[in-house]
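This report refers to the structure that appears directly beneath it.
All figures in this text were calculated on a predicted structure; none of them were measured in a lab. Just so you know, residue 1 is the first one in the sequence shown, and it goes up from there.
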Amino acid sequence: MNDKRSLDVRRPWGGARRRPHLPWLYAAAVVLLVAPLAGRQDEEAEAEPPTVAEEIVVSANRYEVPASEVGSAVTVIEADEIERRNPVAVLDLLRTVPGTEVTHAGGPGKIATVRMRGGSGAQALVLVDGVRVNSVTGGTVDFAHLLAANIERIEVLRGPQATYGSEAMTGVVSITTGRGMKGWRLSGTGETGTHDHRRFELGLLGATDRWDVSVSAVDLSTDGVSHRAIEGGAVEDDPYENQTLSTRLGAAFAGDGRIDLRARSYRGDTAVDGFGLEDLNAMAAQDEDTISLTVEKGLGSFWRQTVRIGRTDATLLGTDPDTIWNNYEIRSEIRQIDLQSDIALGTNNVLNLGLGTENRRGASVGTFDEEADLDSWFVQDQWSITDDVHVTAALRGDEHSTFGSETSHRVTVSGGWSDGRGRLHGSYGTAFRAPNFNELYFPFSGDPNLLPETTEGVDIGVQQRLGDSGATLDLTWFDIDFDQLIEFDLTSFTFGNVARASSSGAEFSLRYRPNVSTSIELSHTWNRTEDKATGNPLARRPKNRTTAVAQLQPTDRFTAAAMVAFVSDRTDSDGAVMDDYTKVDLHLSYSLSWLRPFVRIENLLDEDYFEVPGFVTPGRTIVVGLRLQRR
């Protein structure tokens, strides 16, 4: 049957792959309706109007530190911004981060890659609740399926990050699931729009004196657009479905102890097209489950111990009854255990000690099934020399069962002016990426003797608050050198450590935030990349990217958020110049007691553009919806 709307994914060896009937979604609905009856909401005390507090950054030093003490370049996207922008996917939030580029190969559900500071998608580490989710087979993360539901915080840390080990060559994207708050909050969202877009979400947040819980269930579907740009026009749309379940259960114990169990699971099914032609029956299904258990406890007045156990399982399944080429099953599994001790050596000095072990297993059914172990340690010292000068130094060692050992290091400095309004910040570090399993083991092209890719990078910047206006300016220069890059050698038809590259540039941002309800941020990234062998810029890395995000609340009930991105000066892998483009998104909402109607317009200007040549991006998309929230 030539009808992709059925989304009936079939296994290569025959037999239907059962589509889930969403029992967990129905169960979640029952829980969400009944749970508020289990507890009585405390009366909320009257409070003073909220003020803008200084950001706390966790990812930079793997320890909670005020942003003013962090030497690395980092962007924090918090819960209030996520709620106001109301994005469907995380990638829509990352588009506005300085030094970060999103390339989406088509419409909803199609491959989406995030690059940082000119690196590849495999050279940026992605963590979900502290657990690695980079594929061990392909190395990257497909952000197309990662929805923004029940995410309270995203930290984007730029530059080589030694303490995180493999993949953190150009930075780290750390995503944190929402935590329950005092008083039960029940929410439901329904929306519909262009391309028969439909999204339904149920959510619950709640907490007692000891326990807290958050639950979110999402069902998303759309007819989408044709995957490929076809000469003469598209024949059919390529629909997409996504079901995502996210939960977090936390509890306090023994005074300052805390335990968190977090799980996130998604199932994404999308119709795809072949190389330059319409394919009426080709399907791709991506399943991923991530779970983490974190225990934290103070051991005396100067020592805090953290233990994290994490697991990621992902399967990519391709099916096409019309050809053998689009049938595949690829599996990626990661098991990790991390121990971290935070020891106060004095009032101005914290020593961080870490041990970790990972088991990585990857399989391409019918071609290879392999695994590797990666053991690591790190030591880091965070020292406040004065109230305004803060230094961090770190060293990490990794032992990989395939290529051997690798040592990385990192130093950062943050030094403020005497008036507390400005500071210099900078970092220097090295990092590496272990070869992925396709590069090591794929038949005929893989090489098990590959060495890791390595990088060395430096950045230095200045940050200045502009009087008492609520505006802050930041200008950061960076330079990164890549060595032993793994590429496919057309002479030997194998992967090899044959490439070198560099990336340098500047990140500018101006943020105006006079209060918690108003935020305007303008950023520009200038990035010059070079393939050392050819002298050409790296493919699909724009030299210039300008973004603006405005979040306004002109009245108590009306909220508006707008995002603009202008991208220019790109070349494709064949050297062809790619067109510039401007993308504008808008979100408007109005609060009516516990009801909040909203409208979201994506690609407001109906721009016709490509992020990846040959792959269609949707035109103007209009979505209307209603959010219900009871407290």
Exercise for the section: Could you pull out the closest heavy-atom pair between Arg423 and Ala67, with the gap in Å? Expected result: NH2-O, 3.3 Å
Exercise for the section: Could you tell me whether the side chain of Tyr581 reaches within less than 4.5 Å of the side chain of Asp608, counting heavy atoms only? Expected result: no
Salt bridge or not for [X] and [Y], using N-O below 4.0 Å?
X	Y	answer
Asp212	Arg258	yes
Arg267	Asp289	yes
Asp585	Arg600	no
Glu611	Arg95	yes
Arg304	Asp256	yes
Glu101	Arg545	yes
Arg248	Asp260	yes
Arg513	Asp80	yes
Arg511	Glu55	yes

Completion exercise
side chain to side chain contact (heavy atoms under 4.5 Å, CB included) with Thr176: of Val128, Val58, Ile151, Asp129, only one passes, and it is Asp129
Completion exercise
Result for side chain to side chain contact (heavy atoms under 4.5 Å, CB included) between Ile175 and one of Leu127, Val90, Thr290 points to Val90
Spatial distance of atom [atom1] ([X]) from atom [atom2] ([Y]) [nearest 0.5 Å]:
X	Y	atom1	atom2	result
Leu473	Leu475	CG	CG	7.0 Å
Leu293	Ile259	CG	CD1	5.0 Å
Ser187	Arg596	OG	CZ	12.0 Å
Gln463	Ser414	CD	OG	8.0 Å
Tyr512	Glu521	OH	CD	14.5 Å
Glu288	Leu316	CD	CG	11.0 Å

Problem - More than 12 heavy atoms of other groups within 6.0 Å of Ile111 CD1 - result: no
Practice task
Taking atom CZ of Phe566 as the centre, report whether more than 12 heavy atoms of other residues, nucleotides or ligands fall under 6.0 Å from it.
Solution key: yes
When you compare the side chains of [X] and [Y], does any donor N or O come within less than 3.5 Å of an acceptor on the partner?
X	Y	answer
Asn86	His587	yes
Ser523	Thr547	yes
Thr476	Asp474	yes
His524	Thr546	yes

Between [X] (side chain only) and [Y] (backbone N and O only), is there a donor and an acceptor less than 3.5 Å apart?
X	Y	answer
Gln336	Gly130	yes
Lys110	Ala271	yes
Arg84	Ile82	no

Exercise for the section: Just do the salt bridge (Lys or Arg N to Asp or Glu O under 4.0 Å) check on Glu201 and Arg627 with the steps written out, would you? Expected result: CA-CA 9 Å; Glu201 178 181 348; Arg627 179 176 176 84; 5.1 Å; no
Problem - Sub-6.0 Å ring centroid separation between His145 and Tyr240 - result: yes
Problem - Step-by-step side-chain contact (heavy atoms from CB on, under 4.5 Å) determination, Phe200 to Thr189 - result: CA-CA 6 Å; Phe200 302 97; Thr189 301; over 6 Å; no
Exercise for the section: Quick one: do Glu607 and Arg620 satisfy salt bridge (Lys or Arg N to Asp or Glu O under 4.0 Å)? Show the steps, please. Expected result: CA-CA 8 Å; Glu607 185 92 348; Arg620 184 185 297 113; over 6 Å; no
Exercise for the section: Kindly assign one of parallel, tilted or perpendicular to the pair Phe558 and Tyr590, based on the angle between their ring planes and the thresholds 30° and 60°. Expected result: tilted
Problem - Audit row: Arg210, Phe253, side-chain contact (heavy atoms from CB on, under 4.5 Å) steps and yes/no - result: CA-CA 8 Å; Arg210 175 168 294 185; Phe253 69 93; over 6 Å; no
Exercise for the section: Could you walk me through whether Thr222 and Leu220 pass the side-chain contact (heavy atoms from CB on, under 4.5 Å) test, one step at a time? Expected result: CA-CA 7 Å; Thr222 175; Leu220 167 70; 5.5 Å; no
Problem - Audit row: Thr294, Arg308, side-chain hydrogen bond (donor to acceptor under 3.5 Å, both in side chains) steps and yes/no - result: CA-CA 4 Å; Thr294 305; Arg308 176 178 289 111; 3.3 Å; yes
Exercise for the section: Mind running side-chain hydrogen bond (donor to acceptor under 3.5 Å, both in side chains) on Glu155 and Ser59 for me, showing each step along the way? Expected result: CA-CA 7 Å; Glu155 295 189 15; Ser59 61; 2.6 Å; yes
